[in-house]
Amino acid sequence: MSAPISGLHNLFHVATNLKPEKRNETPPRHIATEAMTADQILTEIREANLSYLMLAQSLIRSDREQALYRLGISEENAALLNLMTPAQMMKIASGNTLLCRFRMDDDMVWSLLTNHGKGAANDTTSRLHASILMAGRHQEAA
C-alpha cells in the first residue's frame with residue numbers, strides 16, 4: 001500500500017477500534033497506540049488529496065472514458081482536472097477536507113463488495129454486480 005493509503009487504512013482501524021490484520025508490514029511511525037493528533041490527521045488528508053488528484057489527472061490523460069467511470073466524475077470535472085498545474089493541485093490538496101468520497105451509498109453495494117455471508121467462489125460475481133450498479137448510478141448522475 002502507498003503511504004497515504006496505508007495511513008488511512010490504519011486510521012480506520014484506530015477510529016473503529018479494530019485491530020489491523022496481521023501482515024508483514026510495519027504500521028507507519030505516526031500511528032501511536034490509540035489516537036492520532038489533529039495535525040497528523042490533517043497531514044494524512046492532504047497526502048490523500050494530492051495522491052487522488054495525481055491519480056485522477058493521470059487516468060484522465062491516459063483514458064478519459066475509463067477515468068470518468070472509475071473516478072465517478074463528470075466530463076466538466078475531468079476537463080478541469082486535466083488542465084491543472086502541479087501548483088494548483090498542491091493548493092487544492094492542502095485543504096482539510098477529503099476530495100474523494102465513497103460511492104457506495106446503500107447496503108446492497110456494501111454487501112456485494114464485502115461479500116458478507118457468501119463463499120469466495122461468488123466474490124468475482126459479487127464485485128462485477130457491484131461495479132454494474134455503481135456504473136449505472138454514475139450514468140444517472142452524469
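This structure is a prediction, so every number in the text was calculated from the model and none was measured. Hydrogens, waters and symmetry mates play no part in the numbers below; they use all other heavy atoms, side chains included.
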*Could you please spell out the steps behind the side-chain contact (heavy atoms from CB on, under 4.5 Å) verdict for Ile73 and Leu81?*
CA-CA 10 Å; Ile73 61 174; Leu81 283 165; 3.9 Å; yes

*Go through the structure and list residues passing side-chain contact (heavy atoms from CB on, under 4.5 Å) with Met54, not counting sequence neighbours.*
Leu50, Met89

_For Leu99, side-chain contact (heavy atoms from CB on, under 4.5 Å) partners two or more places apart_ =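 Leu99 satisfies side-chain contact (heavy atoms from CB on, under 4.5 Å) with Asn49, Tyr52, Leu53, Ile92 once adjacent residues are dropped.
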
Which atom names give the shortest non-hydrogen contact between [X] and [Y], and what distance separates them?
X	Y	result
Ile45	Leu98	CG2-N, 3.9 Å
Asn82	Arg64	ND2-NH1, 4.2 Å
Met36	Glu44	CE-CG, 3.6 Å
Ser74	Leu68	O-CD2, 3.5 Å

_Measuring from atom OG of Ser62 to atom CD of Gln57, what distance do you get when rounded to the nearest 0.5 angstrom?_
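Spacing of OG (Ser62) from CD (Gln57) equals 11.0 Å.
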
*What's the spacing between Leu55 CG and Ile60 CD1 if we round to 0.5 Å?*
9.0 Å

*Output yes when a side-chain donor or acceptor of Gln66 lies under 3.5 Å from a complementary backbone atom of Leu59, and no otherwise.*
no

*Should we count CZ of Arg46 as having more than 12 external heavy atoms under 6.0 Å?*
yes

